[in-house]
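Residue indices begin at 1 and follow the sequence shown.
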Amino acid sequence: MTECVARLAQGVAELPRDEWDACAGDANPFMSWDFLTALERSGSVGGNSGWQPLPLVIDGPDGRIAGAAPLYGKTHSQGEYVFDHGWADAWERAGGQYYPKIQIAAPFSPVPGPRLLLRDEALAPALIAGIEAVVQQNELSSAHATFIAPEQVPLFEAAGWLIREDSQFHWTNRGYGDFGDFLADLSSAKRKNIRKERERAVEGLEIVHLTGAALTEAHWDIFWTFYQDTGARKWGRPYLTRAFFSMLGESMADRVLLVLALRHGQPIAGALNLIGADTLYGRYWGCTEDVPNLHFELCYYQAIDIAIARRLKRVEAGAQGGHKLARGYAPEPTFSAHFIPNASFRRAVADFLAAERQGVQRDRTWLTERTPFRKGEARPD
């Protein structure tokens, strides 16, 4: 094979859409050219955001992109959902400069997926070597590939990257025909609780699903209000700009599903989902009226309804949230990979990760034993 040369671009938007998507595939919308470009063109990344787009690509013999990675130069650790603030503090107390660092990710999206986008899978080692070269040539502290698809973890392990493990709560479709079939898999007490929760949440409300051409700028204005409210409470300021949602609607409307709760015809809450090849990804939610359990209804139960109707394999409802467990979402492992050139710092992080992994796995086992699914109880007729 001829020597592979990796090059940095100044954004995904400057790369050919068809070439990027040929590497990314169509299963995970967060790695698509449309999604990443909407982040750039809307000003959600770039500028003063602390996320500088620097996609790394390798061209194939035909002159088209054969491998790519969504790199970002980061000047902070916000919007990543894999927390390394303690590492940054330790490195800087020792006299080092942790930022800028390199992040390989879908910004603001704790969604597992490929981080090495490969038309030619043989290029994986060269792509990883290219990322390492960016770090070393620029004397940066580290590179971090977050929410890696499980099948790509061995590629980073083979290159000597440190692997970090965590958990998320995902719902799995076991071939259900409707929501009632799903409830039949739960213990009787949980079935009753969920039925009551759903009834109370939607009392006096209308729930509508919008996708494709049904999405309008008026809907994005409404959802922007919801998103700002949630963002202000969680992060202090929203990560995404208003323009991002319009661009998402323009380029990806068929992969967007917006769930709204209406009272007397007026939206009071909403949840935004993206549709993958076999997964529904719940991303953002917000409201202007506090209704008990409405968050659970729009974000978790409606997502299950949608996944069953569309015959999707699972629902991934974002990071954290132990409250998802009682609603049929079970803990699943997530992974990140970390390249740290400094040997002593690498050893310290490796020791931390080994201890952390044991705790994460113990917690996941404990949670798995407490899912609401029937244990020795007869399935209802």
Side-chain angles (χ1 to χ4, degrees), residues 168-174 176-211 214 219 222-234 256-275 280-310 312 314-331 367 370-375 377-381:
Q168 277 188 356
F169 293 92
H170 298 167
W171 178 85
T172 300
N173 188 348
R174 301 179 181 179
Y176 302 122
D178 56 25
F179 196 87
D181 282 351
F182 159 62
L183 287 181
D185 265 355
L186 307 185
S187 68
S188 58
K190 294 300 182 182
R191 286 197 299 272
K192 292 174 184 176
N193 287 343
I194 289 175
R195 287 193 183 105
K196 289 178 181 178
E197 200 168 71
R198 296 200 77 179
E199 289 171 4
R200 292 169 181 168
V202 301
E203 188 174 356
L205 300 178
E206 177 189 3
I207 307 298
V208 297
H209 296 179
L210 301 167
T211 189
H219 294 124
I222 292 163
F223 190 75
W224 173 245
T225 300
F226 299 151
Y227 173 73
Q228 280 185 299
D229 174 69
T230 301
R233 285 186 282 107
K234 281 190 174 183
V256 172
L257 202 157
L258 180 61
V259 181
L260 294 177
L262 313 180
R263 189 182 298 283
H264 307 305
Q266 296 302 311
I268 65 163
L272 180 64
N273 305 273
L274 266 65
I275 305 166
L280 185 74
Y281 300 96
R283 286 307 306 119
Y284 305 108
W285 128 277
C287 64
T288 54
E289 181 181 327
D290 187 15
V291 177
N293 300 321
L294 187 56
H295 171 246
F296 303 145
E297 174 64 27
L298 294 194
C299 296
Y300 308 140
Y301 300 139
Q302 289 290 323
I304 291 172
D305 280 334
I306 292 162
I308 292 172
R310 290 177 171 263
L312 300 174
R314 61 188 157 269
V315 178
E316 296 185 11
Q320 303 169 341
H323 52 274
K324 298 169 187 171
L325 188 72
R327 291 158 182 90
Y329 289 70
L367 290 165
R370 286 156 179 79
T371 62
F373 293 93
R374 289 180 294 109
K375 299 173 180 67
E377 181 182 321
R379 200 173 195 271
D381 294 331

Are any of the side-chain heavy atoms of [X] and [Y] separated by less than 4.5 Å?
{"X": "Leu272", "Y": "Phe223", "value": "yes"}
{"X": "Leu210", "Y": "His219", "value": "yes"}
{"X": "Phe179", "Y": "Ile194", "value": "yes"}
{"X": "Leu183", "Y": "Arg198", "value": "no"}

Practice problem: For Arg263, check salt bridge (charged side-chain N to carboxylate O under 4.0 Å, His left out) against everything at least two apart and list the hits. | Solution: Glu289
Quiz prompt | Qualifying residues under salt bridge (charged side-chain N to carboxylate O under 4.0 Å, His left out), relative to Arg283, sequence neighbours excluded | solution =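 Salt bridge (charged side-chain N to carboxylate O under 4.0 Å, His left out) list for Arg283, sorted by chain: empty.
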Return the [atom1] to [atom2] distance between [X] and [Y], rounded to the nearest 0.5 Å.
{"X": "Leu312", "Y": "Trp171", "atom1": "CG", "atom2": "CH2", "value": "8.5 Å"}
{"X": "Leu325", "Y": "Leu367", "atom1": "CG", "atom2": "CG", "value": "5.5 Å"}
{"X": "Lys196", "Y": "Arg200", "atom1": "NZ", "atom2": "CZ", "value": "6.0 Å"}
{"X": "Thr211", "Y": "Ile275", "atom1": "OG1", "atom2": "CD1", "value": "4.5 Å"}

Quiz item: Do Tyr300 and His295 have ring centres separated by under 6.0 Å?
Solution: yes
Quiz item: Does the ring centre of Tyr329 sit less than 6.0 Å away from the ring centre of His170?
Solution: no
Exercise. Just jot down the side chain to side chain donor-acceptor pair (under 3.5 Å) partners of Glu197, sequence neighbours excluded, or say none.
Key: Tyr301, Arg327
Quiz item: In chain order, what residues pass the side chain to side chain donor-acceptor pair (under 3.5 Å) check against Asn173, with sequence neighbours excluded?
Solution: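 Checked Asn173 against side chain to side chain donor-acceptor pair (under 3.5 Å); zero matches.
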Quiz item: Which pair of non-hydrogen atoms, one from Gly318 and one from Lys324, has the smallest distance, and what is that distance?
Solution: O-NZ, 3.2 Å
Exercise. Provide the closest heavy-atom pair for Leu260 versus Gly270 in the form atom of the first, atom of the second, distance.
Key: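 For Leu260 versus Gly270, the nearest heavy atoms are CD2-CA, 3.9 Å.
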Practice problem: For Ile306, enumerate each residue passing the side-chain contact (heavy atoms from CB on, under 4.5 Å) test, keeping only those at least two apart in sequence or located in another chain. | Solution: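 Result, side-chain contact (heavy atoms from CB on, under 4.5 Å) vs Ile306: His209, Leu257, Val259, Leu280, Arg310.
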Quiz item: Who are the side-chain contact (heavy atoms from CB on, under 4.5 Å) partners of Ala261, not counting sequence neighbours?
Solution: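 Result, side-chain contact (heavy atoms from CB on, under 4.5 Å) vs Ala261: Leu205, Ile207, Ile268, Ala269, Leu294, Leu298.
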Quiz item: Can you find a side-chain donor-acceptor pair between Glu316 and Gln168 that sits under 3.5 Å?
Solution: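 Side chains of Glu316 and Gln168: no pair found under 3.5 Å.
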Quiz item: Can you find a side-chain donor-acceptor pair between Tyr176 and Asp185 that sits under 3.5 Å?
Solution: yes
Exercise. Check whether NZ of the Lys or CZ of the Arg Arg174 lies under 6.0 Å from the centre of the six-membered ring of Phe373 and within 45 degrees of that ring's axis.
Key: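 The answer is yes, since Arg174 meets both limits relative to Phe373.
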